[in-house]
2 protein chains.
Amino acid sequence: MSILRKISAQLETMAPADRQIGQFIIDNPDQMLRLSSAALAVETGRSQSSVVKFSQKLGYAGYQELKLAVSEAKAQEWQAPAGMIHGTIEVGDGYLTILQKLFSSKLQAMQQTISVNNESDIEKALEALHDARRIHLAGVGASSLVARDFSYKLMKLGRNVLHDSDSHVQMANASTLGPDDLLFALSYSGTSIETLRIAELASQRQATVIVVTGLQDNPLAHVADICLHTVGDEDRVRSSAITARDAQLMLTDLLFILLVQRQPDAYDYVHNSETAVSVLKAKRLS
Amino acid sequence: MSILRKISAQLETMAPADRQIGQFIIDNPDQMLRLSSAALAVETGRSQSSVVKFSQKLGYAGYQELKLAVSEAKAQEWQAPAGMIHGTIEVGDGYLTILQKLFSSKLQAMQQTISVNNESDIEKALEALHDARRIHLAGVGASSLVARDFSYKLMKLGRNVLHDSDSHVQMANASTLGPDDLLFALSYSGTSIETLRIAELASQRQATVIVVTGLQDNPLAHVADICLHTVGDEDRVRSSAITARDAQLMLTDLLFILLVQRQPDAYDYVHNSETAVSVLKAKRLS
DNA sequence: GCAAATTGGAATAAAAAATTCCAATTCCCG
DNA sequence: CGGGAATTGGAATTTTTTATTCCAATTTGC
């Protein structure tokens, strides 16, 4: 149990000096860690011996041990998921609160995305990606960046990839797909008209259609041969495609790694890619 | 920067007593926090004054301040959530192992990225972004997607944003920047020639230069007015810009949220954006 | 080779932590 | 309600810890 929490719980039943010292520590843990027992006494208008006695009443040998416990309590607040601040980012939130809420939202989106997809669906998608002659990536808005990121990774493996940010070109590309090909379509809402039309066309042309979309029922999911789900809570982070994007990236990154594991020469391809790019890097500082 | 990391980096060039004391602290940070300077001297077979001098050579007023810094470094240290498999993805890894290692690597990259940047640097970047007349985003490869993602978000707020994936166009755009403008340059290596040249030009033209780059010393960091750092371990995830990209996104997402909090009409802009896009969404299934 | 700089322990001084002493206040029981 | 016991908490004192000074030995640089 965090000492800060323990002090809070006991505050009401403490004697006056103890209450004042305890309150200061709860309100200012960072500052307390920098103060000597005498300086803390000055800050609280109490005596130096009261500070030491306060520590001992809490079960510590002295002030130094109390300091250590406060330091550990602070460390746990940041790290333990249970102690992390969850919730909607709000107008009055300070820096640390925003940071923790953002981190927590990202973590949750990725974790939930993993748990709503079972291994057999991932394996099916992997199998289809592995076997596809050509892979066409489709998505608009934030999803288009995920599609592009995934297309770069697939191209790095030497795969035959079609991707263009212009939805008309995407549509034209889809009209060339056949039964040996695959469409990988991303849309969190599942209602983007361009992505939907492209998926419908690919499906008509007997290409395999993998859809990455949100959990809600939506028209894009209905076109899918294989449907992978993402979970994001955009309301938490001001509705700007942050958690939905992170959730999609979690899936595409996982598929990429699994493909790498499946392709014997994958590491060679990746290494070749790095070597090729290195001529575009400045030489090391001497 | 973590004091533990700093001590590690300097160990080789330290004199014998300092090296011994430094090594003990790196190996036993928990224990060190419980020891007086005299007790630490006994543990290392050195003198008590050497312990204090060691602290002072590192830039602290004394041993107590060093202790505080070690305590903070420990708090920010990465710790895998309980039970999670952590480590390098290897050839024989199964699905679940790969999944956990990937997830853990993402968490580590994001958390470490947060801990290596202090609040005052983030606030400086925020201030500069908030005040800039025009914001130019630069980056190539994976960084170009992060740049684009951030450009979309900034444009959603009604900001005057310059972004193009073509590095020649980026360069031409940089030639129009002035003292009221800002360049936001992303490169994990800090050695991409295009990004570097663009940053140098922006700097010459007196624009504010914010650089988002890795922790290692690099030419791009030297051009920066404000430097934000990212931590990613690409070796863990087959070296394909996964964790480096996640680290960069963590920073750009944070800056975006902080900007939203600073801009009174931000929510209106975001809402207007959603309304505008809704005409490109299929109607709900009936 | 020599002077200057660095290293680092012993001794000393200063600061911080802990304990003791004791007066004032509160609590509890008869 | 009164008196004794227990608690509170600051001042004074003691002990421990931290920081600085002194100085000899070693290393470095010219």
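Please read all numbers here as calculations on a predicted model, not as lab measurements. All values below were derived from every heavy atom in this structure, side-chain atoms included, with hydrogens, water molecules and symmetry-related copies excluded. The sequence lines fix the lettering, A, B, ..., with proteins before strands; numbering per chain opens at 1.
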Could you please spell out the steps behind the side-chain contact (heavy atoms from CB on, under 4.5 Å) verdict for A/S105 and A/I242?
CA-CA 9 Å; A/S105 296; A/I242 289 177; over 6 Å; no

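For the 3.5 Å distance criterion, the side chains of A/S71 and B/S71 qualify, holding a donor opposite an acceptor. Counting only N and O atoms by type, the side chains of B/N218 and B/T213 include a donor and acceptor under 3.5 Å apart.
Residues from residues 7-27 of chain B placing a heavy atom under 4.0 Å of any atom in DNA chain D do not occur. For DNA chain D, the residues of residues 30-65 of chain A within the heavy-atom distance limit of 4.0 Å (strictly under) are A/R46, A/S47, A/S49, A/S50, A/K53, sorted by number.
We find the CD-CD distance between B/Q170 and B/E194 to be 8.5 Å, quoted to the nearest 0.5 Å. One finds the NZ atom of A/K67 at 7.0 Å from the OG atom of A/S36 (value rounded to the nearest 0.5 Å). For the atom pair B/M250 CE and A/L102 CG, the distance stands at 4.0 Å (nearest 0.5 Å). The CD1 atom of A/I7 sits 5.0 Å away from atom CD1 of A/I25, with the distance rounded to the nearest 0.5 Å.
Close approach of DNA chain D to chain B, defined as any atom under 4.0 Å from a non-hydrogen atom of the protein, starts and stops at D/dT17 to D/dT21.
Ion pairing between a basic and an acidic side chain is recognised when a charged N comes within 4.0 Å of a carboxylate O; B/E43 and B/R34 show no such pairing. Salt bridge status for A/D253 with B/R245: present, with a side-chain N to carboxylate O gap under 4.0 Å. Salt bridge status for B/E127 with B/K124: absent, with no side-chain N to carboxylate O gap under 4.0 Å.
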